[in-house]
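What follows is a set of notes on a single structure, which appears directly below.
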Amino acid sequence: MSILETSNLSYAYNNTTTVFENINVNFKTGKMYAILGPSGCGKTTLLSLLGGLDSPNNGEIFFNGEDISQKGLAYHRKHNVAFIFQSYNLIDYMTPAENVTLTSNASPLPILERLGLTKEEAKRNVLKLSGGQQQRVAIARALASDAKIILADEPTGNLDENTAEEIGNILKETAHEFLRCVIIVTHSHSLAKQADVVLKLEQGKIQIFENPMLEL
Ligand SMILES: Nc1ncnc2c1ncn2[C@@H]1O[C@H](COP(=O)(O)OP(=O)(O)OP(=O)(O)O)[C@@H](O)[C@H]1O
Ligand SMILES: [Mg+2]
């Protein structure tokens, strides 16, 4: 069964300017999805609806078969989703370990080490880490939260190609081994090729590619 599903999802700013209409997609745990599309096509808007940051003008979003507006968007944001951003959005006067502890009671060190930080790095101020290391901390924080859905808006946008590939691999592991549903918005075709499913958003419509390595 899908963990997250949209039904005829439509969004228009100020109720007049349509961004997209009648989007029907479903997302499963254990898979990584990439949303591609030209600037301004509505990728961030779609992600914000999936994460309960905003409401659609029409249509519904179901989490585990239940309309997220039933329990409320605040409940959905708190319990079901974690966000990863291009600029990491860590608390910058804290260490990685402290940042991870913000979302979880679990011990932060094993998870940070699993994502490639050393014990010393896990206790350093986050501003003294590279961008790639900071993004690992953001992923660790999302993983520690237990949220089944991880939403990432251009998570490799500030990183060089090799680091971007490493972060892509970690996000994929997060989906496959930790059984989360990872949904990434990106302009990077190489990151999209690492995904299990690619969704192309263009002119308000979505196209689904189940085999991006073959089709992109
Ligand atoms: N608050 C707002 N009021 C009116 N229009 C908006 C608002 N926010 C975004 N838009 C418009 O909605 C459209 C979709 O924006 P969105 O940010 O979702 O695009 P995007 O695909 O994420 O683009 P990018 O790849 O550049 O990040 C754009 O035309 C944008 O100008
Ligand atoms: Mg965007």
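When reading the values below, keep in mind they use all heavy atoms of this one structure, side chains included, and skip hydrogens, waters and symmetry mates. Start at 1 and go down the list; that is how both ligands and their atoms are numbered.
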Any salt bridge linking Lys43 with Glu154? Criterion: basic side-chain nitrogen under 4.0 Å from a carboxylate oxygen.
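Result for this pair is no, no salt bridge flagged.
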So that I can tick it off, tell me whether Lys123 and Glu98 are bridged by a salt bridge, with the cut-off set at under 4.0 angstrom between side-chain N and carboxylate O.
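No, this pair does not count.
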Using the ring pair (Phe, Tyr, Trp, His ring centres under 6.0 Å) criterion, which residues pair with Phe178? Sequence neighbours excluded.
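So Phe178 forms no ring pair (Phe, Tyr, Trp, His ring centres under 6.0 Å) with any residue.
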side-chain contact (heavy atoms from CB on, under 4.5 Å) against Ser7, all qualifying residues, sequence neighbours excluded
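Applying side-chain contact (heavy atoms from CB on, under 4.5 Å) to Ser7 gives Asn24, Glu60, Phe62.
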side-chain contact (heavy atoms from CB on, under 4.5 Å) with Thr18: which residues, sequence neighbours excluded?
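Ala12, Glu21.
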Value rounded to 0.5 Å, distance of [atom1] in [X] from [atom2] in [Y]:
X: Ile84; Y: Asn89; atom1: CD1; atom2: CG; answer: 11.0 Å
X: Leu115; Y: Gln133; atom1: CG; atom2: CD; answer: 12.0 Å
X: Met32; Y: Ile183; atom1: CE; atom2: CD1; answer: 11.5 Å

Counting distance only, does the side-chain N/O of Ser2 pair as donor-acceptor with the main-chain N or O of Leu4 below 3.5 Å?
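Side chain of Ser2 to backbone of Leu4, a donor-acceptor pair under 3.5 Å: no, none is there.
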Which residue and heavy atom of the protein sit nearest [atom], plus the separation:
atom: atom 3 (N) of ligand 1; answer: Tyr13 CD2, 3.7 Å
atom: atom 17 (O) of ligand 1; answer: Thr44 CB, 3.8 Å
atom: atom 27 (O) of ligand 1; answer: Glu154 OE2, 3.6 Å
atom: atom 14 (C) of ligand 1; answer: Gly40 O, 3.3 Å

Between Tyr11 and Asp54, does any side-chain donor sit less than 3.5 Å from a side-chain acceptor?
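There is such a pair (donor and acceptor under 3.5 Å, judged by atom type) between the side chains of Tyr11 and Asp54.
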Decide whether an N or O pair under 3.5 Å exists between Val19 and ligand 1.
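No - when backbone and side-chain N and O of Val19 are compared with those of ligand 1, no distance drops under 3.5 Å.
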Please report whether ligand 1 has a polar contact with Asn14, defined as an N or O pair separated by less than 3.5 Å (distance criterion only).
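Such a contact does not occur with ligand 1.
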So if you build clusters from Ile, Leu, Val, Met, Phe, Trp, Tyr with side-chain heavy-atom gaps below 4.5 Å, do Val81 and Ile139 land together?
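In one cluster: no.
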Pull out every atom of ligand 1 sitting under 4.0 Å from any heavy atom of Ser39, numbered as shown with elements.
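Under 4.0 Å from Ser39, ligand 1 has these atoms: 23 (O), 24 (P), 25 (O), 26 (O).
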Hey, which atoms in ligand 1 end up nearer than 4.0 Å to a heavy atom of Thr45?
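Per the distance check, 14 (C), 15 (O), 16 (P), 18 (O).
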Looking at ligand 1, is there an atom of it that comes within less than 4.0 Å of some heavy atom belonging to Gly37?
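Checking ligand 1 against Gly37, which is what was asked, there is no heavy-atom contact under 4.0 Å.
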Metal environment of the Mg ion (ligand 2), protein N/O/S under 2.8 Å
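Less than 2.8 Å away from the Mg ion (ligand 2) sit Thr44 OG1.
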Take atom 11 (C) of ligand 1 and look for protein heavy atoms under 4.0 Å from it; say yes if you find one, no if not.
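Neighbour list for atom 11 (C) of ligand 1 includes protein heavy atoms (cut-off 4.0 Å).
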